[in-house]
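Have a look at the structure below, then the notes.
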Amino acid sequence: MKVLLISLGCDKNLVDSEVMLGLLNKAGHQLTNDETEADVVVVNTCAFISDAKEESINTIIEMGELKKTGKLKKLIVAGCLSQRYKDEIMKELPEIDVIIGATNYDKIVEAIGTDEESIVDDINYTPRPIAERIVTTNASMAYFKIAEGCNKLCTYCIIPHIRGRYRSMPMDSLIASAEKLASDGIKELVLVAQETTLYGVDLYGEKKLPELLTKLSDIEGIEWIRLLYCYPEEITDKLIEVMATNPKICHYVDIPIQHSENAILKRMGRRTSREDIVELVGRLRTAMPDIAIRTTLISGFPGETQELHDGLVDFVDECEFDRLGVFTYSPEEGTPAAEYEDQVDGELAVKWRDEIMELQQEISYEKNQQMIGSTQKVLIEGYLVDDDVYVGRTYRDAPGVDGIVFVSAPYELISGSFVDVKITEANEYDLTGVIVE
């Protein structure tokens, strides 16, 4: 059968989608990007916030219309929406033929052939390690999921109720998967999980992320290893040491802190404080003066006042993060925070978000200006025909969320190659440079 797979949501969901593509291909199904030709459509959904749920539902409805206008015989819904609302969506969206749970992606081939309506296991179900995977990002980088689920129980987050408790993937299977990716030409591994820093605690009784990083760095062909989703309270001196001394590990870290003020952090159920975060940022920059630190914040969390917002603005100004994103709070049913009485007006949350992002633009612009004149190692990822320039990233830029480098070169550059680039211009987010011959 011809199968179209649509992946929505986060990079962790994308990894699951790529595994499903690999399994479908191995089973002999033909993969297609043409919805009008598809016999089967698989929608891998997201249900993290309201906007994501709405996008997932609209996509399901849109694909369901293909039963009338196209060749579609079967519509399969996977991912977080199907795990969280399996009964509701089967009742309200009759165009769905089969739903499979968030971690049941290993049963996608079975779902195509079954007459059952539901393949949804317990939220703590963990699939066997699967080597089959078709990477869809580009020829040179791949997201690399090292764990499933989360134990933190932040008051605003529904993930533990969808994805279950924290489960690390066995280290030997991860190494084997990384070796396969390297043999396929992948140069950069971007490590993801709901939380990467706790890796190994459940399997080995202690944090094993430093050891995993070291073993991944031994794989021939892997040149960059990037860390996302590191909780601040779980970043150890050992992890910092490995990052600082291993040349394959990017001096880059994503630390989603969500807020700076202790009163809000406590209400969020976070296990850190403003003082601890400032101290951690200092330790990271002492060990790696060139490190790029990314974080994300939430504006308008219940109970946030103008004074607390001003404190967050002062904190951002003090820490001068290299990369920063802000999301307005989204109340999720089933979470404690959604029941808090002191909800913040949505327009005010947007205003506060915009204020922080305006400040961050100034910080980012100043930092990028300091890059002018320097020579940076750039991973080439494509070519813009209309502008006659190549595009790539430095170690300071995670794919999809950070900036890019526009590279001029007098000869053809190959995607997936590393080149030295002298930076000549910079704006708030992106850099421009010329290749160093």
Task: Beyond-backbone contact of Leu216 with Ile222, side-chain heavy atoms, under 4.5 angstrom - done: no
- [ ] For residues Cys250 and Met243, report the shortest heavy-atom separation together with the two atoms involved.
- [x] O-CE, 3.9 Å
Task: Residues, nucleotides or ligands: over 12 heavy atoms within 6.0 Å of Glu339 CD - done: no
Open item on the list: Below 30° counts as parallel, above 60° as perpendicular, anything between as tilted: where do the rings of Phe418 and Trp224 land?
Closed with: perpendicular
Task: salt bridge (Lys or Arg N to Asp or Glu O under 4.0 Å) between Lys208 and Asp202, worked out - done: CA-CA 10 Å; Lys208 287 286 190 178; Asp202 56 313; over 6 Å; no
Task: Over 12 foreign heavy atoms within 6.0 Å of CD, Gln369 - done: yes
Open item on the list: Between Tyr395 and Tyr252 (judged by ring centroids, cut-off 6.0 Å), do the two rings come close enough to count as a pair?
Closed with: no
Task: Asn262 and Ser273 side chains, donor-acceptor separation under 3.5 Å - done: no
Task: Output field: ring centroids Tyr340/Tyr156 closer than 6.0 Å - done: no
TODO: Give a yes or no on whether a salt bridge exists between Arg274 and Glu318, defined as a side-chain N under 4.0 angstrom from a carboxylate O.
DONE: yes
TODO: Please determine if Arg294 and Asp402 form a salt bridge, counting it only when a charged side-chain N lies under 4.0 Å from a carboxylate O.
DONE: yes
Task: His259: which of Arg270, His309, Glu304 passes side chain to side chain donor-acceptor pair (under 3.5 Å) - done: Glu304
TODO: Using a cut-off of 6.0 Å, state whether more than 12 heavy atoms not belonging to Gln306 lie near its atom CD.
DONE: yes
Open item on the list: Under a 4.0 Å threshold between the charged nitrogen and the carboxylate oxygen, would Asp345 count as salt-bridged to Lys351?
Closed with: no
Task: Atom CG of Asn33 with >12 non-hydrogen neighbours under 6.0 angstrom - done: no
- [ ] Evaluate the side-chain proximity of Val405 to Asp430: yes if any heavy-atom separation is below 4.5 Å, no if none is.
- [x] no
TODO: Given side-chain contact (heavy atoms from CB on, under 4.5 Å), test Ile235 with Ile240 step by step and report yes or no.
DONE: CA-CA 7 Å; Ile235 296 177; Ile240 295 174; 3.9 Å; yes
Open item on the list: Quick check with a 6.0 Å cut-off and a 45 degree axis cone: is Lys107 positioned over the face of Tyr125's six-membered ring?
Closed with: yes
Task: Cation over ring face, Lys12 and Tyr229, 6.0 Å, 45° - done: yes
TODO: Count the heavy atoms of every other residue, nucleotide or ligand shown that sit under 6.0 Å from OH of Tyr204, and state whether that count exceeds 12.
DONE: yes
TODO: Could you tell me whether Lys248 and Glu223 have a side-chain N and a carboxylate O separated by less than 4.0 Å?
DONE: no
- [ ] Spell out, as yes or no, whether a donor-acceptor pair under 3.5 Å connects the side chain of Asn104 to the backbone of Ile100.
- [x] no
Open item on the list: Under the criterion side-chain contact (heavy atoms from CB on, under 4.5 Å), I'd like the reasoning laid out for Ile264 against Ile298: C-alpha separation, chi angles, the key distance, then a yes or no.
Closed with: CA-CA 10 Å; Ile264 295 295; Ile298 296 174; over 6 Å; no
- [ ] Show the numbers, then the answer: is there a side-chain contact (heavy atoms from CB on, under 4.5 Å) between His161 and Arg84?
- [x] CA-CA 8 Å; His161 305 287; Arg84 187 179 181 189; over 6 Å; no
TODO: Indicate whether any N or O donor in one side chain lies under 3.5 Å from an N or O acceptor in the other, for Asp34 and Thr32.
DONE: no
Open item on the list: side-chain contact (heavy atoms from CB on, under 4.5 Å), that's the test. Do Asp254 and Arg226 meet it? Break it down for me.
Closed with: CA-CA 9 Å; Asp254 166 57; Arg226 187 181 303 276; over 6 Å; no
Task: Ion pair Arg271/Glu234, N-O distance below 4.0 Å - done: no
Task: Modelled atom types, side-chain donor and acceptor of Ser364 and Glu428, under 3.5 Å - done: no
Open item on the list: Testing the 3.5 Å rule here: is there a donor-acceptor pair between the side chains of Ser118 and Glu116?
Closed with: no
Task: Side chains of Arg283 and Asp237 in contact at under 4.5 Å (non-hydrogen atoms) - done: yes
- [ ] Taking all non-hydrogen atoms of both residues into account, name the closest pair between Ala111 and Val98 and its distance.
- [x] O-CG2, 3.8 Å
Task: Residues Asp16, Lys145: salt bridge by 4.0 Å N-O rule - done: yes
Task: Residue pair Leu31 / Ile134, side-chain heavy-atom distance below 4.5 Å - done: yes
Open item on the list: Check this for me, if you would: do Arg396 and Asp290 make a salt bridge, where the nitrogen-to-carboxylate-oxygen distance has to be below 4.0 angstrom?
Closed with: no
TODO: Using a 4.5 Å cut-off on heavy atoms from C-beta on, say whether the side chain of Glu332 contacts that of Ser330.
DONE: yes
Open item on the list: Regarding Glu362 and Lys367, does a basic nitrogen lie under 4.0 Å from an acidic carboxylate oxygen?
Closed with: no
Task: Between Tyr166 and Glu148: side-chain donor-acceptor atoms closer than 3.5 Å - done: no
Open item on the list: Any carboxylate oxygen within less than 4.0 angstrom of a Lys/Arg side-chain nitrogen, looking at Glu88 and Lys91?
Closed with: no
TODO: Return yes if a side-chain donor-acceptor contact under 3.5 Å exists between Thr45 and Ser56, otherwise no.
DONE: no
Task: Any side-chain donor near an acceptor of the partner, Thr126 and Arg167, under 3.5 Å - done: yes
Task: Whether over 12 other heavy atoms sit under 6.0 Å from Lys238 NZ - done: no
